[in-house]
Amino acid sequence: MWVSLQLAVPVFILQVIASTSFALLLIFFRHSRIDFWGVVVCVLMLSISSLFYIIVGQFFFSRMLHLVPISGYSGGLDAIKFLIMPIGLSLLARLGTEARLYRAMFLEEIGKDYVRTARAKGLSEALVLFRHVLRNALIPIITSAGSYLPYVFLGSIVFESFFGIPGLGAFVIEAISGQDFAIVRSMVFLGAFLYIASYIVIDLLYTWADPRVRLA
């Protein structure tokens, strides 16, 4: 699990930051060429399979440029050079989907009355986006990010298998190949437990993001 966490936790944190920042950038320049081409890039990215990113990334960064190892894992600080490409490609594979979703949520919020009131008070567009729009769009962001939490603990099966990372994902693949049903049942149980726990955490975060949820 520790190896899977080394891969999944940075991906989870960077995913939320990158997707939210990119979506806010598109909203800040909405109805402009930046917004248009940003949406086009998001659609292209979400239309491409994660396997394509893995194959192209391994060929370009490992075989051609020799910047990082093509696969494998090592403990200690050496783990960085083995994890940096899986983390970057995993982030890239999910960026289009998450950024387009967050953009749609921000676009819905920015047309509401409280935003027009904030602008009427003389607040800058950046302040309106970060102080008001982002805060009121936190609930769907928490839902989207929280649904990814089980993968933080269970690991990414595809990325761990292709990059030879000995995490829980690769462990499950080996158990399935070896018909070790005891391990498979244990991992299914652990996955179900983590899904339930993650949605409990999501409900608790709702009350922090919007105190009105407590009165519902």
Side-chain angles (χ1 to χ4, degrees), residues 5 7-48 50 53 87-154 156 191-216:
L5 288 176
L7 172 63
V9 170
V11 171
F12 176 76
I13 296 173
L14 293 174
Q15 184 69 57
V16 175
I17 295 173
S19 300
T20 305
S21 301
F22 189 41
L24 286 173
L25 177 67
L26 297 181
I27 291 298
F28 187 80
F29 294 102
R30 62 191 177 279
H31 308 310
S32 67
R33 291 186 178 181
I34 295 177
D35 182 31
F36 174 79
W37 288 110
V39 173
V40 171
V41 170
C42 286
V43 173
L44 290 176
M45 291 173 66
L46 65 88
S47 302
I48 298 174
S50 58
Y53 291 106
I87 290 173
L89 295 178
S90 180
L91 178 65
L92 192 63
R94 289 179 55 88
L95 182 60
T97 304
E98 299 293 329
R100 189 166 180 266
L101 174 63
Y102 294 168
R103 177 189 175 275
M105 295 185 301
F106 292 146
L107 198 60
E108 180 181 356
E109 289 292 328
I110 208 165
K112 294 185 176 178
D113 292 337
Y114 73 88
V115 176
R116 287 191 288 268
T117 303
R119 290 200 188 101
K121 291 181 179 179
L123 295 180
S124 65
E125 189 68 16
L127 198 58
V128 169
L129 286 176
F130 283 95
R131 179 180 293 181
H132 298 283
V133 175
L134 179 59
R135 180 62 184 270
N136 284 277
L138 274 180
I139 286 185
I141 291 176
I142 290 172
T143 304
S144 175
S147 63
Y148 185 65
L149 280 176
Y151 295 98
V152 172
F153 297 97
L154 293 179
S156 174
F193 173 78
L194 290 175
Y195 267 105
I196 295 172
S198 65
Y199 280 101
I200 292 175
V201 173
I202 290 172
D203 287 338
L204 294 176
L205 289 176
Y206 283 167
T207 62
W208 166 77
D210 189 353
R212 293 174 297 179
V213 175
R214 303 174 188 174
L215 305 177

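Just the heavy atoms: all of them, side chains too, but no hydrogens, waters or symmetry mates, feed the values below.
Environment of CZ in F193: sparse, with no more than 12 heavy atoms of neighbouring residues, nucleotides or ligands closer than 6.0 Å.
Here the side chains of F130 and R135 are not in contact, with every heavy-atom distance at 4.5 Å or above. Residues L127 and S124 form a side-chain contact, since some pair of their non-hydrogen atoms from C-beta on lies under 4.5 Å apart. Counting heavy atoms from C-beta on, the side chains of V133 and I27 never come closer than 4.5 Å. With a 4.5 Å cut-off on side-chain heavy atoms, L123 and R119 do not count as touching.
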**OP:** Could you walk me through whether I141 and E98 pass side chain to side chain contact (heavy atoms under 4.5 Å, CB included), step by step?
**Re:** CA-CA 9 Å; I141 291 176; E98 299 293 329; over 6 Å; no
| Should E109 and Y114 be marked as a side chain to side chain contact (heavy atoms under 4.5 Å, CB included) after you check the CA-CA gap, both sets of side-chain angles, and the distance that decides it? | CA-CA 9 Å; E109 289 292 328; Y114 73 88; 2.6 Å; yes
_Evaluation steps, side chain to side chain contact (heavy atoms under 4.5 Å, CB included), between L46 and L95_ = CA-CA 8 Å; L46 65 88; L95 182 60; over 6 Å; no
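Of the inter-residue distances, the one linking R103 atom CZ with L107 atom CG reads 5.5 Å to the nearest 0.5 angstrom. For the atom pair L204 CG and I202 CD1, the distance stands at 10.0 Å (nearest 0.5 Å). From R30, atom CZ reaches atom CZ of F106 across 12.5 Å, with rounding to the nearest 0.5 Å. Here I17 contributes atom CD1 and F12 contributes atom CZ; the two are 10.0 Å apart, rounded to the nearest 0.5 Å. To the nearest 0.5 Å, atom OG1 of residue T117 and atom NZ of residue K112 are 13.0 Å apart. Here CG of D203 is found 9.5 Å from OG of S198. Values are rounded to the nearest 0.5 Å.
For the residue pair F28 and A126, the shortest heavy atom distance occurs at CE1-N, 3.9 Å. Here the shortest heavy-atom pairing between F22 and A99 reads CD2-CB, 3.5 Å. The heavy-atom pair separating D35 from F29 by the smallest distance is CB-O, 3.2 Å. When all heavy atoms of G38 and L26 are compared, the pair lying nearest together is CA-CD2, 3.7 Å. Of all non-hydrogen atoms in M45 and Y53, the two that sit nearest each other are O-OH, 3.1 Å. Heavy-atom minimum distance, L44 versus I48: O-CG1, 3.1 Å.
I110 pairs with exactly one of N136, V128, L129 by the side chain to side chain contact (heavy atoms under 4.5 Å, CB included) rule, that one being L129. Residue S90 forms a side chain to side chain contact (heavy atoms under 4.5 Å, CB included) with just one option from L14, V11, L7, and that option is V11.
Checked against side chain to side chain contact (heavy atoms under 4.5 Å, CB included), A120 has no partners two or more places apart in sequence or in another chain. Applying the side chain to side chain contact (heavy atoms under 4.5 Å, CB included) rule to V43 yields the partners V39, S47, R100; only residues at least two apart in sequence or on another chain are considered.
Ring pair Y199/Y195 is parallel by interplanar angle, where below 30° counts as parallel and above 60° as perpendicular.
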